[in-house]
2 protein chains.
Amino acid sequence: MNQTYSISDLAREFDISTRTIRYYEERGLIHPDRTEGGQRVYSRKDRTRLRLILRGKRFGFSLDEIVEMIDMFDQDRSGRKQLVVTIDYGKKKIGEVEEKIQDMMALKKEMEDLLEDFEKRLDQLRGRNKL
Amino acid sequence: MNQTYSISDLAREFDISTRTIRYYEERGLIHPDRTEGGQRVYSRKDRTRLRLILRGKRFGFSLDEIVEMIDMFDQDRSGRKQLVVTIDYGKKKIGEVEEKIQDMMALKKEMEDLLEDFEKRLDQLRGRNKL
DNA sequence: ATTCTAGTTTACGTTAACGTTAATGTCAAT
DNA sequence: ATTGACATTAACGTTAACGTAAACTAGAAT
């Protein structure tokens with residue numbers, strides 16, 4: 001129960017350096033506990049958080065943007081006004097993600113069209129060789 | 001006919017600096033013509049190419065990756081073997097894009113779930129206030 | 001011909017996101 | 001108690017992708 005991880009556990013699991021993990025802490029993205037002796041101890045929550053960070057990175061969000069997004073969804077926003085603000089901001093961010101998805105799908109289609117073109121050319125070459 | 005553009009034309013249109021455009025040339029991403037006096041002249045093709053570069057940037061490809069992808073789809077690959085290689089590489093790249101899209105859709109869903117949660121909380125607050 | 005705007009190269013500066021090294025400490029196992 | 005693997009902080013180094021400044025040139029407009 002209440003599984004914990006060392007810094008190199010997580011580094012291994014996510015295939016990143018320990019330096020990277022420490023850097024994320026330095027930038028305020030993670031806040032692990034410490035042992036008596038001062039070594040970092042990561043909880044399941046920390047691990048999840050790290051996974052989120054890396055996912056954010058994978059499609060080009062900066063650490064600053066990621067910090068914004070995660071904090072937004074992470075805190076106990078009990079006040080009503082805070083909730084409203086959070087929801088609004090969240091919708092905006094989701095819109096941005098949606099836009100990026102659309103954009104990438106457009107690229108994908110462009111690439112597919114080009115590929116189709118190349119394949120037609122290849123077919124024509126094949127046809128000629130058969131004569 | 002055969003419309004051309006100055007460097008600042010394109011900078012204005014795509015909202016980037018002229019320095020950026022020159023840098024892309026330095027890195028071998030664009031190859032504009034020159035006037036007698038040495039000023040850069042961009043064709044429609046160059047403009048399209050620039051648009052592709054910027055699109056690539058927008059979802060986190062590095063300039064090196066972009067150079068690879070664009071060159072792949074840009075040259076006259078008339079040889080059959082070249083065509084096959086190009087098509088294979090293209091399929092791989094499309095796969096990568098596809099993966100990114102899936103990844104982003106997962107993030108979007110995660111965000112939407114969280115938002116839903118927040119909205120439920122807000123509703124509960126509203127309910128209590130009515131009593 | 002001159003003026004003005006926009007263009008050129010060269011070169012040094014900047015920021016984010018880590019890499020790397022050094023000097024030292026912790027902890028589990030023998 | 002001593003080893004060995006892993007941990008710590010501090011600080012300097014590195015790379016990509018430009019920004020910025022200087023010193024100069026081209027081309028359009030008056």
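Naming: A, B, ... by sequence-line order, numbering from 1 per chain.
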Whole angstroms only, please: what is the CD-P distance between B:Glu25 and C:dG7? 14 Å
Looking only at the side chains, is there a donor atom on one of B:Tyr23 and B:Arg27 sitting less than 3.5 Å from an acceptor on the other? yes
Looking at A:Asp113 and A:Lys109, does any basic side-chain N land under 4.0 Å from a carboxylate oxygen? yes
How long is the gap from CE on A:Met104 to CZ on B:Phe61, to the nearest 0.5 Å? 5.5 Å
For DNA chain C, find the residues of residues 41-51 of chain A with a heavy-atom distance under 4.0 Å and give them by number; none if there aren't any. none
d(CG, A:Asp15; P, C:dC18) in whole Å: 13 Å
In plain terms, say whether B:Glu96 and B:Lys93 are close enough for a salt bridge, that is, a side-chain N and a carboxylate O under 4.0 Å apart. yes
What is the distance, to the nearest angstrom, from the CZ atom on A:Arg34 to the C1' atom on D:dT8? 8 Å
Taking B:Glu25 first and then B:Arg34, would you say they form a salt bridge - that is, a charged N and a carboxylate O separated by under 4.0 Å? yes
Distance in angstrom units between B:Arg12 CZ and C:dG7 P, rounded: 8 Å
To the nearest angstrom, how far is A:Arg22 atom CZ from D:dA10 atom P? 12 Å
Distances under 3.5 Å between nitrogen or oxygen atoms of protein and nucleotides 2-4 of chain C:
none

Within this structure, what is the CZ-to-C1' distance between A:Phe14 and C:dC18, rounded to whole angstrom? 18 Å
Going 5' to 3' through nucleotides 13-30 of chain D, assign each nucleotide B (protein heavy atom under 4.0 Å from a base atom), S (under 4.0 Å only from sugar-phosphate atoms) or - (no protein heavy atom that close). ----BBBB-----SS---
